[in-house]
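Atoms within a ligand are numbered from 1 in the order they appear, just like the ligands themselves.
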Amino acid sequence: MNNIKEIMEYNEQFVENREYEKYITSRFPEKKMVIVTCMDTRLIELLPKALNLKNGDAKIIKNAGAIVTQPFGNIMRSILIAVYELGAEEVVVIGHHGCGMTGLNPDVVIQHMYEGGVTDETIRTLTNSGMHLERWLTGFDNVQDSVERSVGIIKNHPLLPVNTPIHGLIIDPETGKLDLIVDGYEAAAETK
Ligand SMILES: [Zn+2]
């Protein structure tokens, strides 16, 4: 099976039949939101449907676990660009139950890297040069704690506009049910 070939063939028809027309919108999020969520396959269609989001409604940033770990990493930069350049006014972190990052064991991941052909020398070189591989590959024990931690990192970011609401939610990857963990409006009101 060749995924790319299949995609290219389908795509030709998609464009030819002008199927894109129903998705035409602007790059500015209509609901003025930027969402950070997980790359989980179950959320591809379910998450936007469960939140009633359509094309053009929100910026969606995805990674493994919906985790923001670095104040000056790639995810945080995307959030800042969404806010300052693309009109987002609030941030929503959406973790989910049954996430692959729950209880992720870095030793197991490193073992899989060995099996994938990465050499012991490479691992040692990286470790010796100060790369904390194990910490880098660690997931979280509890999705609620993780969402709260990510919300905290965003909330305390020195470059974010003061009083930007930062919300934290958890979605059920089967039913789409949302639980509100952090109400960003309340937190923003408290700091005013
Ligand atoms: Zn996940």
**Student:** Other members of the hydrophobic cluster containing Val108, with the 4.5 Å side-chain heavy-atom rule, please.
**Tutor:** none
**Student:** Indicate the ring-plane relationship of Tyr185 and His167, choosing parallel, tilted or perpendicular according to the 30° and 60° boundaries.
**Tutor:** perpendicular
**Student:** Protein N/O/S atoms under 2.8 Å of the Zn ion (ligand 1)?
**Tutor:** Cys38 SG, His96 NE2, Cys99 SG
**Student:** Starting from the C-alpha separation in whole Å, work towards a yes-or-no answer on salt bridge (charged side-chain N to carboxylate O under 4.0 Å, His left out) for Asp120 and Arg124.
**Tutor:** CA-CA 6 Å; Asp120 197 34; Arg124 255 183 294 127; 3.4 Å; yes
**Student:** Judged by atom type as modelled, is there a donor-acceptor pair below 3.5 Å linking the side chain of Asn17 to the main-chain atoms of Glu19?
**Tutor:** no
**Student:** Is a side-chain donor or acceptor of Thr125 paired with a backbone partner of Glu121 at a separation under 3.5 angstrom?
**Tutor:** yes
**Student:** Please check if the side chain of His97 supplies one atom and the backbone of Ile170 the other of a donor-acceptor pair under 3.5 Å.
**Tutor:** no
